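Below is one structure, written out as structure tokens; the observations come after it.
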There are 2 protein chains.
Amino acid sequence: MSYLCVMTMKYDEAKHRFIQQWGALGSAWGISRTMAQIQAVLLLSPEPMTADELMDELGISRGNVSMSLKSLIEWGVATKEYKAGERKEYFKAEKDIYRIATQVAHERRKRELEPVLHMLESIKDMDDQEITKSKREEMQKISGDILDFAKKSDSLLKKFISAEKNWFLNKIMKL
Amino acid sequence: MSYLCVMTMKYDEAKHRFIQQWGALGSAWGISRTMAQIQAVLLLSPEPMTADELMDELGISRGNVSMSLKSLIEWGVATKEYKAGERKEYFKAEKDIYRIATQVAHERRKRELEPVLHMLESIKDMDDQEITKSKREEMQKISGDILDFAKKSDSLLKKFISAEKNWFLNKIMKL
DNA sequence: TTTTATTTTCAATAATTATTGAAAATTCAA
DNA sequence: TTGAATTTTCAATAATTATTGAAAATAAAA
């Protein structure tokens, strides 16, 4: 068994483990396992890949690849590319992990937190009456706190994004 | 229709909406809908509640309530209480939204991120060989970046926790 | 235009995850 | 101890979510 073979086995094993773990992480966070696995494959690929290559690599259906890539693009963590003189579409993943994180945080906030905040805003102004005072106060306290929290999280997210910019600049400087 | 009735309808409607939204938010984040709904009911209740009351309130089975409460307690966002001379157990939710958030962030980090970080640490030190250089480099770059990111997130989380402490202190001061 | 390569959609199905409900276990008073 | 009140467990089932695969749509070449 040659050096090349040993090396390749090691690489493939590491790659496989990474794809599996990343997929598990994705499904724990409410992103479909396949979507996360496709992202993992693209993260590890130095070159953009076609849908067919992804199908082969992960052993999944064409339809699934198509849908998952669509979602990854909607989430802003993958892009389509075209090669001159070729009909096929190529896909690549956003590889800056800070960008991925801020992108995902943004999307989730928009899709999931916003409806809750809307509802809370409307509850906060509930009519004032003497009756069921403690219940109403409990609800207003909780909704007020959640709103307060959401605002602070937003400012934190902003800090996070600006930190990411600095980090990115630093990386470029070092090159 | 009396004032009391109007008020109660409004409150119940608001409560119902809050429970539904909170449940949806939970399921989007990989926590079971029921678990989140139970948390919502407890958040709105000025008094600790029994399993039976939760069953009635949400119209779900005894077993489900029992399992969900167990999970909420494991996540550190609810606690059991006993009333003197009563056999029943009472439950209440952690109502400080900052504590809930840091608690959940902590748990998730431990359960989901840690296995990925372990794997990445082991990949980072992969054997050095000339062959498949670009692939290995890609993997090492990505895993290095993810590790780097995780470390920065940790420090951010710490800042977050300390900010929460200050915020909590401020709240107490105002009382 | 027609043909061919490629991608997308979506109804059917598979896989996963949540929930029930009744039996077993626990806890405490008598 | 026994028995009543209460909680927990878990196999069966329901509900939800992901995946397939083939037909329809699209886009470029002939």
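None of these values were measured; they are calculated from a predicted model. Order of the sequence lines fixes the chain letters, A, B, ..., with proteins taken first and strands second; residue numbering starts at 1 for each chain.
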| Between atom CG in B:Leu58 and atom P in C:dA18, what is the gap in whole Å? | 16 Å
| request: Return the set of residues passing salt bridge (charged side-chain N to carboxylate O under 4.0 Å, His left out) with B:Arg33 (not counting sequence neighbours), or none when no residue passes. | output: none
Under 3.5 Å, which protein N or O atoms sit close to an N or O of nucleotides 12-16 of chain C? Give each pair with its distance.
none

| In terms of hydrophobic clusters joined by side-chain contacts under 4.5 Å, are A:Met67 and A:Met49 together? | no
| message | In this structure, how many angstroms lie between the C1' atom of D:dT8 and the CZ atom of B:Phe91, rounded? | response | 11 Å
| Under 4.0 Å: is that the gap between some side-chain N or O of B:Lys80 and OP1 or OP2 of D:dT6? | no
| query | A:Trp29 versus B:Trp29: any side-chain heavy-atom pair under 4.5 Å? | reply | yes
| said: Could you tell me how far apart A:Leu54 (CG) and D:dT20 (P) are, to the nearest whole angstrom? | reply: 13 Å
| request: Starting from the 5' end of DNA chain C, give me the residue, A:Arg87 or A:Asp52, whose nearest nucleotide shows up first. | output: A:Arg87
| note | Closest non-hydrogen atoms of B:Glu112 and A:Ala28, given as atom of the first, atom of the second and distance, are CD-CB, 3.6 Å
| For the pair made of OH in A:Tyr82 and P in C:dT6, what is the distance, rounded to whole Å? | 13 Å
| query | Salt bridge between A:Lys15 and A:Glu57, side-chain N to carboxylate O under 4.0 Å? | reply | yes
| request: Could you check which residues of residues 61-74 of chain A get a heavy atom under 4.0 Å from DNA chain D? Sort them by number, please. | output: A:Ser61, A:Gly63, A:Asn64
| Where is the tightest heavy-atom contact between B:Ala40 and B:Phe18, given as atom of each residue plus distance? | CB-CE2, 3.8 Å
| Side chain proximity check, A:Ile19 to A:Leu58, heavy atoms < 4.5 angstrom | yes
| Rounded distance (nearest 0.5 Å) linking atom CD of B:Gln37 with atom OG of B:Ser32 | 8.5 Å
| Expressed in angstrom and rounded to an integer, what is the separation of A:Ile31 atom CD1 from D:dT17 atom P? | 15 Å
| task | Can you tell me the distance, in whole Å, between the CD1 atom of A:Ile38 and the P atom of D:dT19? | result | 9 Å
| remark: B:Gln21 and A:Met119 have their tightest heavy-atom pair at CG-SD, 3.7 Å
| request: Let me know the distance between CE of B:Met55 and C1' of C:dA22, rounded to the nearest Å. | output: 13 Å
| task | Just call it for A:Thr34: base, sugar-phosphate, or nothing, with non-hydrogen atoms closer than 4.0 Å on any strand. | result | sugar-phosphate
| field | Integer-rounded Å distance: C:dT7 C1' and A:Tyr90 OH | value | 15 Å
